[in-house]
Amino acid sequence: MVKVAVLGHGTVGSGVVELFTKNAKSITSRAGQEMEVKKILDIREFPDLPYADKFTKDFNDILNDSEISIVAEVMGGLSPAFEFTKALLESGKSVVTSNKELVAAKGAELLAIAKEHNVNYFFEASVGGGIPIIRPMHQCLAANEITEVAGILNGTTNYILTKMFHESVPFDEALSEAQRLGYAERNPAADIEGHDACRKICILSSLAFGSHVYPQTVHTEGITKLTLVDVEYAASWGGVIKLIGRAKKQPDGKIIAAVYPAFLSSHSQLANIDDVFNGILIRGNATGDVVFYGRGAGKLPTASAVVADMIDISKSNCTSKSLTWKDSNADNVADYKSEALSFFICADLAEGAQKTVSDVFGEVEMLSRAGQPEGEIAFVTPAMSEYELEEKLGVLSNLMKVKSMIRVLDY
Ligand code: HSE
């Protein structure tokens with residue numbers, strides 16, 4: 001019998017307890033022995049639950065319980081989750097988590113502590129909710145050099161963008177619905193400003209490239225500035241707008257890592273990933289592109305990944321050798337502006353200045369939309385670095401007032 005504990009009885013934590021009851025038989029058969037939730041930490045009271053006797057408000061009840069060998073940290077946030085996780089690993093208990101904020105900020109340190117104490121720190125649920133992505137990356141794709149990772153990593157923003165794109169639902173209304181469905185972070189700014197996707201691309205790129213990519217080194221833009229006009233132009237160009245987190249290894253070994261909304265062709269493997277679904281593309285030098293798709297948020301999808309990690313740990317007797325990366329001093333990330341991309345530009349243009357735009361940018365692809373006001377110009381540039389783009393826009397600054405700039409990605 002393996003006894004486990006759960007830190008936090010929120011959306012994911014209650015899902016973890018539910019799965020241990022609902023799927024007890026298959027969990028026992030896959031773990032090779034029974035698994036039981038012995039204690040649950042939460043500051044709130046849940047007197048009406050059938051397992052009310054398992055709750056404690058004192059973390060030490062779990063830390064000092066020698067029967068508990070695996071703990072799910074599903075509280076979220078940095079503190080006290082970090083202190084609790086560190087203490088548990090140091091006391092010889094394995095920890096699994098859905099807490100992407102903590103893994104993105106402290107992953108290298110916690111993995112090192114787990115190794116020192118011959119236990120595991122697993123975080124399959126931290127990226128892509130119920131989608132298997134962490135384990136496939138370090139196990140099934142282990143024979144590849146991964147060159148690039150890109151994905152729709154945030155369910156809430158994908159839900160909002162889908163509603164805007166297909167139903168013209170206003171932003172606020174779509175966000176409220178995502179909150180009601182339990183997809184959004186406690187502070188939804190983390191979703192709509194791109195920080196949640198940033199944390200997830202930090203975890204994926206650290207694992208893919210072997211050195212910790214810290215959130216503060218990753219250029220991050222959210223979706224709050226996108227308008228239905230941008231959406232219309234994306235459609236007229238033959239594509240969609242998605243919030244993309246991406247990381248790419250350059251020939252010099254440094255990593256281009258960024259999160260921003262991007263135009264994707266409707267032929268892209270990521271273009272039709274809608275609603276709360278996430279899609280993650282891994283480019284390997286043996287496999288080519290592999291795409292993972294599924295529910296990226298929500299109670300049971302995320303709990304599924306947490307419990308799977310616990311089952312996996314119940315069968316192991318040492319620290320995983322492949323789920324690891326080194327710490328870094330943040331010099332592993334390259335300047336994202338140096339990468340050559342095409343850009344969508346929408347601007348108010350002075351009368352008769354269209355030829356000057358073509359002279360400055362070269363061959364641009366002009367776009368149009370229904371009801372386009374006179375004086376509004378929209379086009380996609382040839383590939384250039386962001387420094388070149390800024391220089392060209394500077395030359396045109398007296399003729400053109402830019403309303404939107406969106407990067408065009410080729411996945
Ligand atoms: N708020 C996150 C999302 C939850 O919407 O994707 C899953 O990490």
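Note that ligands are numbered from 1 as they come in the structure, with each ligand's atoms numbered from 1 the same way.
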Less than 4.0 Å between a side-chain N and a carboxylate O, is that true for Arg44 and Asp42? yes
Contact residues of ligand 1 (heavy atom under 4.0 Å), by chain and number: Lys100, Asn154, Gly155, Thr156, Tyr183, Ala184, Glu185, Asp191, Asp196, Lys200, Gly296, Ala297
Considering all heavy atoms of both residues, which atom of Ile62 and which atom of Ala5 are nearest to each other, and what is their separation? CG2-CB, 3.7 Å
Considering only NZ, NE, NH1 and NH2 on the basic side and carboxylate oxygens on the acidic side, decide whether Lys38 and Asp65 come within less than 4.0 Å. yes
Report the residues that fulfil salt bridge (charged side-chain N to carboxylate O under 4.0 Å, His left out) with Arg246, sequence neighbours left out, ordered by chain and then residue number. Glu148, Glu339
Could you check, using the six-membered ring where one of them is a Trp, whether Tyr336 and Tyr260 have ring centers closer than 6.0 angstrom? no
Can you find a pair of side-chain heavy atoms, one from Asn144 and one from Val290, that are under 4.5 Å apart? no
